[in-house]
There are 2 protein chains.
Amino acid sequence: MSIIRKTKSVRLILSAFNDNKDAISIVELINKFNKKMNKTTVYRVLERLEKSSILHSFVGKDGLKRYAKGGKNSNSKKILNSHPHFLCEDCGTSSCIPIDIIIPSIPNYTIKTSEHLLIGQCKNCLS
Amino acid sequence: MSIIRKTKSVRLILSAFNDNKDAISIVELINKFNKKMNKTTVYRVLERLEKSSILHSFVGKDGLKRYAKGGKNSNSKKILNSHPHFLCEDCGTSSCIPIDIIIPSIPNYTIKTSEHLLIGQCKNCLS
DNA sequence: ATCTTATTGCAATTTAGTTGCATTTATATA
DNA sequence: TATATAAATGCAACTAAATTGCAATAAGAT
């Protein structure tokens with residue numbers, strides 16, 4: 001009994017992430033696949049893919065939840081090295097930046113996960 | 001013609017931030033002041049206070065927008081040293097953590113602002 | 001005191017996200 | 001291959017956060 005089944009919906013959504021290395025918002029996916037599957041299915045497939053560490057999610061400054069390839073804390077132990085997401089103010093695209101952000105440990109707080117959002121202009125919009 | 005007027009609503013909302021050094025979600029403020037002002041007013045007062053650099057905002061992992069005292073980039077030049085917000089998974093409170101996070105500059109990207117969310121357990125919930 | 005315009009309240013609306021339930025489908029097993 | 005079963009889906013209704021238009025009100029400059 002595998003936890004995740006390779007259904008048509010799963011394959012379609014995964015293909016979207018293979019075509020596009022950027023983070024994708026749920027809303028974009030719902031629109032992209034509005035003929036192929038129900039919006040509830042999009043939400044639920046993404047949930048499963050996140051639980052399976054195939055995708056990870058974060059909430060952008062616009063309040064929209066986005067997903068991107070890869071599990072949240074790829075190499076476990078050092079939880080506090082996590083990489084940031086970039087959101088372009090001009091074109092709205094967001095991408096994962098392959099840079100580690102190091103967070104010092106904080107007395108009296110236990111940090112389980114962290115999210116980092118960088119906001120500015122991307123290479124395409126800098127011209 | 002000053003841009004922001006010191007109305008009763010503005011004073012009430014500012015007092016909430018003076019009583020509480022933590023970040024406060026819009027929803028909390030709407031509930032807190034549901035007898036004193038309309039929820040639309042809460043949204044609009046907060047917008048103005050952010051534009052005036054009296055408050056700054058971020059969106060938590062729960063998708064709720066929160067505000068906290070202080071402009072976004074208090075001491076300008078070194079934009080990339082910004083301090084994180086902490087969100088407690090257990091009790092839901094969030095606070096500003098007085099720690100600087102240093103982000104290396106990234107080729108081809110211009111970073112204007114950044115947001116850092118640390119998720120885990122706060123001191124009260126660790127017992 | 002008056003005028004100008006920022007601000008507010010209210011109701012309607014939009015939109016992201018959730019839930020319950022009946023139906024369908026993937027896949028393990030006989 | 002056929003069948004059983006639990007996962008996955010579609011649909012419709014729903015919740016809640018946030019937005020909008022407009023008329024009424026109030027701050028503060030003159």
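Protein chains get the first letters and strands the later ones, always in sequence-line order, with residue 1 at the start of each.
- The side chain of B:Lys39 has D:dA18 as its nearest neighbour among C:dG9, D:dA18, D:dG10.
- To the nearest angstrom, C1' of D:dA8 lies 18 Å from NZ of A:Lys36.
- Residues meeting the side-chain hydrogen bond (donor to acceptor under 3.5 Å, both in side chains) test with A:Ser95, sequence neighbours left out: none.
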Give me the distances for all protein-to-nucleotides 19-21 of chain C N/O pairs that come in under 3.5 Å?
| residue | atom | partner | partner atom | Å |
| --- | --- | --- | --- | --- |
| C:dT19 | O4 | A:Thr40 | OG1 | 3.4 |

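- Look at CZ on B:Arg48: it is 17 Å from P on C:dT5, rounded to the nearest Å.
- Look at OH on B:Tyr43: it is 15 Å from C1' on C:dC10, rounded to the nearest Å.
- Under the side-chain hydrogen bond (donor to acceptor under 3.5 Å, both in side chains) criterion, B:Asn34 pairs with no residue, sequence neighbours left out.
- The side chain of A:Thr7 has C:dA26 as its nearest neighbour among D:dA18, C:dG17, C:dA26.
- Rounded to whole Å, the distance from CE on B:Met37 to C1' on D:dA26 is 15 Å.
- Ranked by how close their nearest DNA chain D nucleotide is to the 5' end, B:Lys8 and A:Val10 are led by A:Val10.
- The residue A:Ile30 sits apart from the nucleic acid: no heavy atom pair falls under 4.0 Å.
- Partners of B:Lys36 by side-chain contact (heavy atoms from CB on, under 4.5 Å), not counting sequence neighbours, listed by chain and number: B:Leu12, B:Phe33.
- For B:Tyr109, the ring pair (Phe, Tyr, Trp, His ring centres under 6.0 Å) partners two or more places apart in sequence, or in a different chain, are A:Phe86.
- Residue A:Leu12 contributes atom CG, which lies 15 Å from atom C1' of C:dT25 at whole-angstrom precision.
- Judged as a side-chain contact (heavy atoms from CB on, under 4.5 Å), and not counting sequence neighbours, the contacts of B:Tyr43 are B:Ile26, B:Ile30.
- In this structure, the side-chain hydrogen bond (donor to acceptor under 3.5 Å, both in side chains) partners of B:Asn38, at least two apart in sequence or on a different chain, are B:Thr40.
- Taking five base pairs at each end of the helix from C:dA1-D:dT30 to C:dA30-D:dT1, the local helix axes there meet at an angle of 40°, rounded to 10°.
- The shortest heavy-atom contact between A:Leu29 and A:Ala16 is CD2-CB, 4.0 Å.
- The nearest whole Å value for the distance from the CD atom in B:Glu47 to the P atom in D:dT19 is 7 Å.
- Annotation: side-chain hydrogen bond (donor to acceptor under 3.5 Å, both in side chains) contacts of A:Thr7 (sequence neighbours excluded): none.
- One atom, CG of A:Leu46, and another, C1' of D:dT9, lie 14 Å apart when rounded to the nearest Å.
- In this structure, B:Lys6 places its NZ atom 19 Å from C1' of C:dT8, rounding to the nearest Å.
- In this structure, A:His56 contributes its side chain and A:Glu50 its backbone to no donor-acceptor pair below 3.5 Å.
- Judged by distance alone with a 3.5 Å cut-off, a donor-acceptor contact links the side chain of B:Arg5 to the base of C:dT5.
- Position along DNA chain D of the nearest nucleotide to B:Leu64 versus A:Ser9 favours A:Ser9 as the more 5'-ward residue.
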